[in-house]
Amino acid sequence: MITLTDIAYVRSGVSDLDGAVDFATKIVGLTPVPTDEPGVAHFRADERSRCLTFVQGPSGVIATGLRVGGHDELADAETQLEKRGISVTRGDAAGAASRGVGAFIGFNDPWGNRVELVSGQHVTAELLAPGRNAGITEYGHSCLDAPDVVEAGRFWTTVFSAKVSDWVGEMACLLRVDPMHHKLAIFHGEGPALCHINFQVASYDDLFRNWHFLVDNDVEIIQGPGRHPTSGSAFVYFRGPENLTYEYAVGTRMITDDNAWVPRVFDPALPSSIDMWRGPITPTTRQRQL
Ligand SMILES: [Fe+2]
């Protein structure tokens, strides 16, 4: 079993780099990271040296990065995946530098989502300088699509160390790799895709201020303000350029005692399983896997 210690980043292809950068900076409120890489833009939300990277080119998600313990653990993960017949690519030095990591490997999950395992993700003591003060405190989670959510849950909890926190029937599997209720989630979708990327904000005031800001700036609200009965977090989902769905959330449940937590199965037929405030449930826009 491969032990995941955290999420690392999302790497996303964009046809309009300036438009994607503008939105991430001025609307979402991420911190741009200086780089001399041509056609590439990095963003921070917390101590990670980057958590979202745009690469000029075809529009779609390139990879979702997840952390393992260190270089030895990464080498062990490579061996374990290959033993299972999963083809693994070892990242080169330039790729590692672009990702802000010591080393990385890439593989496709059984449903075609490109995943990168990283060791030595750089953190930085540089102050955050967000383009707008949205109250973001951290890169919270990423959600991937799979046509068989139950099998995907099995994959991430047997090949990897993720634990199921809750199910929404066979529509969503919410997985934790640390006390946060979920840092990785699998949603039902026909093909490999990034369902959304989440940023935690500091307070309910931030969430609602952000909601008004988005409405005032003609940003398409996909869902919310609402509250997930699973994680307990209040949320707003909104649509960015290149079909990238962003989420702000606050109040996410922490599961500190793994042995005491029994995953629940919420009825997927009930809208309140997604939003207990009973707001409209609109499917999020997916960013397809390249
Ligand atoms: Fe989410």
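Predicted model, so just to flag it, every value in this text is computed and none were measured. For ligands, and for the atoms within them, numbers begin at 1 and follow the listed sequence.
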Hydrophobic side-chain clustering at under 4.5 Å (ILVMFWY, transitive links): who's grouped with I255? Put none if nobody.
-> W261
Atoms of the protein (N/O/S only) found under 2.8 Å from the Fe ion (ligand 1) | H141 NE2, H196 NE2, E247 OE1
Lys/Arg-Asp/Glu bridge criterion (N-O < 4.0 Å) met for R48, D6 | yes
When the ring centroid of F43 is compared with that of F54, is the distance short of 6.0 Å?
-> yes
Exercise: do T252 and H181 side chains pair donor with acceptor under 3.5 Å = no
Should the pair Y248 and F238 be assigned to parallel (<30°), tilted (30 to 60°) or perpendicular (>60°) ring geometry?
-> tilted
Going by the angle between their ring planes, with limits at 30° and 60°, are H196 and Y237 parallel, tilted or perpendicular?
-> perpendicular
